[in-house]
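Working notes for the structure below.
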Amino acid sequence: GFLNRRFGVPLIDGGTVRLPELIGLSRAMDLILTGRLVDPKEALDWGMVNRIAATGTAYGQAFNLAKEIVKFPQECLRADRESALHATFSSKNIEEALEWESENAAKVLTSEAVLGAKKFMAGLGRGGKFNVNQVTVPETWQKELEEMKKKDKS
């Protein structure tokens with residue numbers, strides 16, 4: 001809720017601008033004008049949160065979510081995030097948002113998307129495997145170990 005309502009402090013952090021875009025004007029006005037608190041279930045129903053964590057588990061759940069997200073190609077992820085934010089808060093109409101999306105994604109098409117398409121053509125990601133990306137770059141010793149293993153097999 002907007003507890004500042006109790007003290008006569010206006011919203012100057014973008015709350016009156018962003019909240020109606022996220023949850024609709026009627027719901028935003030309810031919260032802005034009354035300053036009431038919102039319980040987790042209502043916040044989930046209204047789209048203010050994506051998930052609810054049991055008391056004491058939020059950090060662990062957030063960490064696990066971050067571990068999943070970091071597995072994806074990051075340029076693509078950032079481009080899509082930027083596009084969604086632009087479409088929601090900056091574009092004047094759908095045509096402008098779609099044009100911005102295409103222009104913003106173009107740089108990824110010549111880098112990560114090409115590599116991803118090659119992985120798919122090689123068979124990765126088929127049959128239900130979701131993550132086809134290496135989480136970390138192998139250390140020098142790991143590369144050397146792999147080379148040793150290859151030599152041993154030949």
Side-chain angles (χ1 to χ4, degrees), residues 1-139 142:
F2 293 99
L3 303 179
N4 55 314
R5 181 64 50 232
R6 299 173 297 166
F7 303 105
V9 177
L11 296 172
I12 56 172
D13 62 356
T16 61
V17 176
R18 293 189 308 257
L19 191 63
E21 287 285 336
L22 294 173
I23 66 172
L25 180 61
S26 178
R27 289 176 170 169
M29 291 299 277
D30 176 6
L31 297 181
I32 292 167
L33 299 178
T34 66
R36 71 181 179 84
L37 292 174
V38 178
D39 65 50
K41 169 93 171 74
E42 185 176 29
L44 183 65
D45 291 345
W46 284 15
M48 296 171 69
V49 298
N50 297 323
R51 14 186 100 99
I52 299 172
T55 302
T57 67
Y59 178 79
Q61 288 191 33
F63 189 79
N64 288 336
L65 178 60
K67 283 181 5 186
E68 289 300 312
I69 292 172
V70 77
K71 292 176 185 177
F72 298 120
Q74 294 298 296
E75 282 184 61
C76 177
L77 189 127
R78 282 191 295 274
D80 287 345
R81 180 181 183 275
E82 289 170 4
S83 182
L85 291 170
H86 178 83
T88 301
F89 298 114
S90 301
S91 65
K92 293 176 178 55
N93 55 52
I94 192 165
E95 290 81 16
E96 190 270 331
L98 290 167
E99 182 179 335
W100 199 91
E101 177 189 55
S102 294
E103 291 171 6
N104 188 47
K107 63 184 178 277
V108 179
L109 291 174
T110 59
S111 59
E112 286 180 346
V114 171
L115 181 59
K118 287 178 181 178
K119 287 179 181 181
F120 184 77
M121 294 292 290
L124 290 173
R126 296 180 186 179
K129 184 172 180 183
F130 190 69
N131 183 29
V132 296
N133 298 297
Q134 207 169 26
V135 177
T136 58
V137 176
E139 298 287 332
Q142 291 170 314

Between Arg18 (side chain only) and Asp13 (backbone N and O only), is there a donor and an acceptor less than 3.5 Å apart?
yes

Could you tell me whether Asn50 atom CG has more than 12 heavy atoms of other residues or ligands within 6.0 Å of it?
no

Which heavy atom in Ala54 sits nearest to a heavy atom in Gln61, and how many Å separate them?
N-NE2, 4.3 Å

Taking all heavy atoms of Gly35 and all of Arg5, pick out the closest pair and write down the distance.
CA-CB, 4.0 Å

Which heavy atom of Glu75 sits nearest to which heavy atom of Ser111, and what is that distance?
OE1-OG, 3.4 Å

Run the numbers on Leu3 and Leu37 for side-chain contact (heavy atoms from CB on, under 4.5 Å), then give the verdict.
CA-CA 8 Å; Leu3 303 179; Leu37 292 174; 3.6 Å; yes

For residues Leu11 and Gly15, report the shortest heavy-atom separation together with the two atoms involved.
CD1-C, 4.4 Å

From Asp45 atom CG to Ile23 atom CD1, the distance as rounded to the nearest 0.5 Å:
12.0 Å

If you draw a 6.0 Å radius around CD1 in Ile94, do more than 12 non-hydrogen atoms from other residues or ligands fall strictly inside?
no

Looking at Leu65 and Arg51, what are the two nearest heavy atoms and their distance?
CD2-NH1, 3.0 Å

Distance, nearest 0.5 Å, that separates CZ of Arg78 from CG of Asn104:
11.0 Å

Is it true that, when you exclude Ile12 itself, more than 12 heavy atoms of the residues, nucleotides or ligands shown sit nearer than 6.0 Å to its CD1?
no

Side-chain donor/acceptor of Ser83 to backbone N/O of Ala79, under 3.5 Å
no

Show your reasoning for whether side-chain contact (heavy atoms from CB on, under 4.5 Å) applies to Val17 and Glu21.
CA-CA 7 Å; Val17 176; Glu21 287 285 336; 5.8 Å; no

Do any N or O atoms from the side chain of Thr57 and from the backbone of Ala53 form a donor-acceptor pair under 3.5 angstrom?
no

Nearest heavy-atom pair of Lys67 and Lys71: which atoms, and what distance?
O-CG, 3.3 Å

Under 3.5 Å: donor-acceptor pair, side chain of Gln74, backbone of Phe72:
yes

Distance (rounded to the nearest 0.5 Å) between Leu77 CG and Glu82 CD:
10.0 Å

